2 protein chains.
Amino acid sequence: MAEKVTSLQVAERAGVSQSAVSRVFTPGASASKATVEKVRKAAEELGYRPNVLARAMVSGKSRIIGLVVAYLDNYFYPEALEILSNALQEQGYHVLVFMTSQTSGNIDGVVEEILDYQVDGIVTASVAMSSDLSQRCLQAGVPVVHFNRFESTKGVSSVTSDNYEGGRELARFLVAGGHKKIGYITGWEGASTQRDREAGFCDSLADLGQTLFAREVGDFDADRARAAANAMFNVAPENRPDAVFVANDHMAFAVMDELRFGLDLKIPEDVSVVGFDDVPPAAWRAYDLTTMRQRANLMVEETVDALLDHIKNPSTATPRKVAISTPLIVRGSARVPDIWPPQEG
Amino acid sequence: MAEKVTSLQVAERAGVSQSAVSRVFTPGASASKATVEKVRKAAEELGYRPNVLARAMVSGKSRIIGLVVAYLDNYFYPEALEILSNALQEQGYHVLVFMTSQTSGNIDGVVEEILDYQVDGIVTASVAMSSDLSQRCLQAGVPVVHFNRFESTKGVSSVTSDNYEGGRELARFLVAGGHKKIGYITGWEGASTQRDREAGFCDSLADLGQTLFAREVGDFDADRARAAANAMFNVAPENRPDAVFVANDHMAFAVMDELRFGLDLKIPEDVSVVGFDDVPPAAWRAYDLTTMRQRANLMVEETVDALLDHIKNPSTATPRKVAISTPLIVRGSARVPDIWPPQEG
DNA sequence: GTGAAAGCGCTAACAA
DNA sequence: TTGTTAGCGCTTTCAC
């Protein structure tokens, strides 16, 4: 077992001081060409690599970002995680993952654990933490950015889609498609994403002279969504919506299955279905779901941007509340208006 | 910005030595009831929490596990990641994620980076690393376990499904179902999972007096699988397979879509389709895919078990090669034999 | 440009 | 049981 090689050993072999070795491996440091060469050679021969943890201790920068994430069964998150992790890696950071569940209210405990690792920043994906805790992070000088969850807490940044406007657009689309009895299956009602999507949808509906024809709670859960679909559609034909907005794709797939296979309804002939997220299966032919695209790449970009800004300029950086616009992806699960997009003027 | 609270400050406030504080926060240490109380109180008041990194430096144990993972678009991995992360958390470890791509052969570089974090162990999910690198890890005293990828390298553990036996079972199922022209769409041919599934499938076919009727390469990629399906099925009817085993579910969905919507074939009437993994969408009614279940929970259990064994008993632990059996999940995408499971005797 | 020296916050002997 | 002491491997003044 070839034991750990330290900078001191490299120094001895290169015939320089230990601090010289440190400088060679420190990006912004100065060393003569000769020294650099000697050191690199010795390091190479010994298989030396700097100990990130030791560096973190003295510099106070761990280059670790803590990520709190709740549920990976919504396929938006694996996608986002992949992009986020890659983006951070490119900046020389790495992601320490902390799983938690939305319901098991131990999120605060998880965040404490994260802080113990002296992370340089925290990203929470779709989980809410107490504003108490947010304060603790701020006080500890650890910037927090909420991904896909708007948080009004002062001082923390959040990056989401423009869920409100996305909801509005969906309503316009459905109404333009001639639908008169429009239903909505909600996400988890504690989530800002859910609230914003619903508010935008209903406001827009109102603008167009309609109101929600039916509403059921889905909690962002496939099983509950299925039940919601049943409650909403397993009724006399005249009480059946002719279109339904399901608060995210994950639920929408379950709803479509229930509609087609459970209730023998045709999509979009009997009922139009639209979702939100545009996760990969939305594009699968069996679903072909019309949905609002959450642009994970842009969201991540903004997240990383905000995070690094706070890390690098602790005093001057100002919290951001970013809302990314969501293009409507028109596919086959909902009747398409004759005129779409709407004519100008 | 309430600056970092150190154990020294707690010590002063509690009127004890700094090491007393350390002991109170070290699981297996001894301290009198009185001391414990004083220290806990002081720590509480100051909001003290031990610095994991400092602890790691001196103890040599970081309680960080490095996870190298390639592609999260196969939904088996998010699932596995979630279970793994939770299992490790329960043992007081955390997961540092490193993304890489199968193709971009920089896996070795990634592993070097991992080592820099002084991780206590490494899990690679479905990626191969050079045996050179495996050696480096062993030499550094960092145990490696390969998840879902068999590696013959001496000294490293691997946990997979019993892919060979799974392949065999699928062949038995298809043949018992009366299929005579059986095709196979491969995964990435460099993967042990792919090789084992195919070997088992073909060996079993041979035992039953058949051979592969058609074979196309799918590379575990949805697009390539679609193309493969087209190449295999867009032919004169008599040259068309009556069943196809697709090397994983992720590809199977694309194949089913292509068969139904591209070629207007009925599943399972015109062609039976079976997959491997049993990811959540396999159970969605629109696919209802008959497939071999990879039991992620058991696989993770074995992975964690092996890893901790190596970490805790560096000298005595012996590398393990675990293969978890895979139950066949019979759904509607393939014709079901009249007699199934086969009668004994 | 370079080396000496002082720690970062903690654990682990060692004495007491 | 407790306090004292010596580092873990590194970055960073500070003289030279």
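Lettering follows sequence order; numbering is per chain, from 1. Note that the structure is a prediction, hence the values are computed from the model and not measured. Computation of the quantities below employed the complete heavy-atom set of this structure, encompassing side-chain atoms and omitting hydrogens, waters and symmetry-equivalent molecules.
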Check your understanding: Mind checking whether B/Val156 and B/Lys321 have side chains closer than 4.5 Å, heavy atoms only?
Key -> yes
Practice item. Evaluate the ring planes of B/Phe76 and B/Phe147, with Trp represented by its six-membered ring, and classify them as parallel (under 30°), tilted (30 to 60°) or perpendicular (over 60°). Key: parallel
Check your understanding: Is there side-chain contact between A/Val144 and A/His310, with at least one heavy-atom pair below 4.5 Å?
Key -> no
Practice item. Dump the intermediate steps for salt bridge (charged side-chain N to carboxylate O under 4.0 Å, His left out) on B/Glu45 and B/Lys41, then the final yes or no. Key: CA-CA 6 Å; B/Glu45 291 166 357; B/Lys41 181 156 170 292; 3.2 Å; yes
**Study point:** Length of the CD-P vector between A/Gln9 and D/dC8, whole Å
**Key:** 11 Å
Check your understanding: A/Arg23 has an atom CZ; how far is it from atom C1' of D/dT11, in whole Å?
Key -> 10 Å
Check your understanding: Can you tell if the side chain of B/Leu115 reaches within under 4.5 Å of the side chain of A/Arg49, non-hydrogen atoms only?
Key -> no
Review point. With a distance cut-off below 6.0 Å to the six-membered ring centre and an angular limit of 45° from the axis, does B/Arg40 pair with B/Tyr48 as a cation-pi contact?
Key: no
Review point. On DNA chain D, nearest-nucleotide positions of B/Met57 versus B/Ser32: which is more 5'?
Key: B/Ser32
Review point. For A/Lys4 and D/dC10, what is the distance between atoms NZ and P respectively, to the nearest whole Å?
Key: 11 Å
Review point. So what does B/Thr6 hit on the nucleic acid, given a heavy-atom distance under 4.0 Å: a base, only sugar-phosphate, or nothing?
Key: sugar-phosphate
Revision key, fill the gap. Quick note, B/Thr35 side chain, CB onward, closest among D/dT2, D/dG9, D/dC8 is D/dT2
**Study point:** Global bending angle along the helix from C/dG1-D/dC16 to C/dA16-D/dT1, which compares the axes of five pairs at either end, to 10 degrees
**Key:** 30°
Point to revise | Over all atoms of both residues, closest heavy-atom pair of B/Leu307 and B/Pro143 | key: CD1-O, 4.0 Å
Check your understanding: Between atom CZ in A/Arg49 and atom C1' in D/dG9, what is the gap in whole Å?
Key -> 16 Å
Review point. Just checking, is any N or O donor in the side chain of A/Ser161 or A/Gln294 under 3.5 Å from an acceptor N or O on the other one?
Key: yes
Revision key, fill the gap. d(B/Ile64 CD1, A/Tyr117 OH) to nearest 0.5 Å is 5.5 Å
Check your understanding: Roughly, in whole Å, what's the span from CG in A/Leu8 to P in D/dC8?
Key -> 9 Å
**Study point:** Atom-to-atom span, NZ of B/Lys38 to P of D/dT1 - whole angstrom
**Key:** 14 Å
**Study point:** Those residues of residues 12-21 of chain B lying under 4.0 Å from DNA chain D by at least one heavy atom
**Key:** B/Val16, B/Ser17, B/Ser19, B/Ala20
Review point. Roughly how far, to the nearest 0.5 Å, is the CD1 atom of A/Ile83 from the CG atom of B/Leu72?
Key: 10.5 Å
Check your understanding: Do A/Ile65 and A/Val119 come within less than 4.5 Å of each other through their side chains, counting heavy atoms only?
Key -> no
Study note, to complete from the structure: So the contacted stretch of DNA chain C, first to last nucleotide with an atom under 4.0 Å from a non-hydrogen atom of chain B, runs from C/dG9 to C/dA13
Practice item. Could you tell me whether B/Phe25 contacts a base, only the sugar-phosphate backbone, or nothing, with contacts defined as non-hydrogen atoms closer than 4.0 Å? Key: nothing
Review point. Rounding to a whole Å, what distance do you find between B/Gln118:CD and D/dG9:C1'?
Key: 9 Å
